[in-house]
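Here the structure comes first, spelled out in structure tokens, and everything after it is commentary.
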Amino acid sequence: MLSVRDFWRRHRRKVFVTVGVLGSGYLLYKLYGAHRHGVQELERELAVQRETEELMKAQMQAHFENIQRMSDVTLPHAMHELSCRITEELDLSHLLERLIQGKGQPNTLTQSEKLDLWSRLKILSFTRMTLSVWATTMLSLYTKVQVNILGRHLYIDTARSLGISDSVESGDVVDREDQKKFLDSVDFLSQHGMPALISDMEAATKEVLKGKQLSTFFNSTTLHETIMQILNTFMSMGTPNSWIKYMIPEDVRPYSTTSGSDDPVPFDVTEFEQLMIEARAVLSSAEFGSIVEISLKAVVDTLVELMRTKFSGGSVAGGMPLARVLPQVAQMCPLLLGEPSKNQFIQIIKNIQEVELFFTLLYANMPHE
């Protein structure tokens, strides 16, 4: 009989191999089990993450739809208010009536009075047109700025509500009242900024038109150049970005006081003030300045082309004296200030590729996470 020692001597290699194989198999089994458990945990985490992302997308979509509904209400209201103020402050009817009366009754106006009335009509007609171009463009762009800023705050609010606030920056939640107040600030232009805007636009118009007589020959190119010169002169007046004062109050707190009270009491507008500061930062940026230039040119291009086709039988397409261009200029203002959903100039701005890209990048570059 073989002793244990002899058995071990003869078969120890096989024993080592067998033990090694069994040990390796057990180790691989444990590693596989741990790997499988890790994969399952990862799959669960990914599933929870996907569920959270889907929930966040749904809540964000609801937020944005709510903001868009508010914006869709505020812009038409702001455009209506703007149209009323421009019609009221830059009324041409009294000038036209006096000129018509003077034409029918030659002795009622002296030659000097006629020239003065025509000069005033020239200035007011172009002031009204260029102001309408500028204000329509700025209101359209400003409402898009508002939606993007509110979108960023709502993203942060939604992330907090889903328990992932560690990945987003801190800040105060913007309540519904402050959201509405911020969107309503688009009315600042028509309610508060209009007097200074009219004065400065009229000054720019006088500067550009001072060498142009009523007999000066105007065609499409001349008209386009004249409108752009007025707008460029206006935008370059004062300090850089000084035009922002027409759109946003310099001091938010007095602007956001209660109305209808003998002693206005400031609201607690910490969040509202923050929104306005962010809006001012966007409007002051060089990138936004470029978007304004592109948008204004696109609106003027469309305006002049529309005048070429609208006034058949005598338009700036073939050229005419400035005196005959003025009635056509006056007729274009209501189109510029029309209801947003039917306003082709606002639609033109929305469809500008650079504008769309700017606001896409604006939202993407806001610190979400």
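- Between the S119 side chain and the L115 main chain, no donor and acceptor come within less than 3.5 Å of each other.
- A 4.5 Å side-chain heavy-atom check between M247 and R280 finds every atom pair outside the cut-off.
- Atom-to-atom distance recorded for S190:OG and I86:CD1 is 9.5 Å, nearest 0.5 angstrom.
- Looking at heavy atoms from C-beta onward, L141 lies out of side-chain contact with F358 at the 4.5 angstrom threshold.
- Between K180 and E177 there is no salt bridge, since no side-chain N of the basic residue sits under 4.0 Å from a carboxylate O of the acidic one.
- Of the possible polar contacts, none joining the R324 side chain to the L214 backbone as a donor-acceptor pair under 3.5 Å is found.
- Taken from CE in M201 to CD1 in I230, the straight-line distance is 8.5 Å, to the nearest 0.5 Å.
- Put simply, the side chain of T309 reaches to within 4.5 Å of the side chain of E305, judged on heavy atoms.
- In this structure, the side chains of L82 and M194 come closer than 4.5 Å at one or more pairs of heavy atoms.
- In this structure, N232 and L296 have side chains that are not in contact, with every pair of non-hydrogen atoms separated by 4.5 Å or more.
- Side-chain atoms of P321 and Q213, non-hydrogen and from C-beta on, never get closer than 4.5 Å to each other.
- T130 places a side-chain N or O within donor-acceptor distance of the main-chain N or O of T127, the cut-off being under 3.5 Å.
- Comment: K297 does not engage E293 in a salt bridge, judged by the lack of any side-chain N to carboxylate O separation of less than 4.0 angstrom.
- With values rounded to the nearest 0.5 angstrom, E97 atom CD is found 11.5 Å from L117 atom CG.
- Taking the side chain as every heavy atom from C-beta outward, K350 and V355 never approach each other to under 4.5 Å.
- Note that OG of S132 and CG of L90 are 8.0 Å apart. Values are rounded to the nearest 0.5 Å.
- Between Y142 and F182, the ring planes lie perpendicular to each other; the angle is over 60°, past the 30° to 60° tilted range.
- Of all non-hydrogen atoms in M237 and A204, the two that sit nearest each other are SD-CB, 4.0 Å.
- Going from atom CD of Q229 over to atom CG of L209 covers 9.0 Å, rounded to the nearest 0.5 Å.
- E202 pairs with exactly one of R120, R128, K122 by the salt bridge (charged side-chain N to carboxylate O under 4.0 Å, His left out) rule, that one being R120.
- Considering only heavy atoms from C-beta on, V145 comes within 4.5 Å of F288 through its side chain.
- Between F126 and F218, the two ring planes are tilted [angle within 30° to 60°].
- Hydrophobic clustering keeps I348 apart from M129 (ILVMFWY residues linked when any side-chain heavy atoms are closer than 4.5 Å, directly or through intermediates).
- The structure places CE of M332 at 5.0 Å from CG of L303, a figure rounded to the nearest 0.5 Å.
- Using a distance-only test at 3.5 Å, with no hydrogens or angles considered, no donor-acceptor pair links the side chain of S242 to the main chain of G238.
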- Task: Apply the test side-chain contact (heavy atoms from CB on, under 4.5 Å) to residues W118 and L326: give CA-CA distance (whole Å), side-chain angles for both, the deciding distance (0.1 Å), then the verdict.
- Result: CA-CA 10 Å; W118 273 105; L326 295 181; 4.2 Å; yes

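- Around the CD atom of E339, the shell of radius 6.0 Å holds more than 12 heavy atoms that belong to other residues, nucleotides or ligands.
- Looking at K181 and D184, no side-chain N of the basic residue comes within less than 4.0 Å of a carboxylate O on the acidic one, giving no salt bridge.
- In the model, E354 has no side-chain atom that pairs as donor or acceptor with a side-chain atom of S295 under 3.5 Å.
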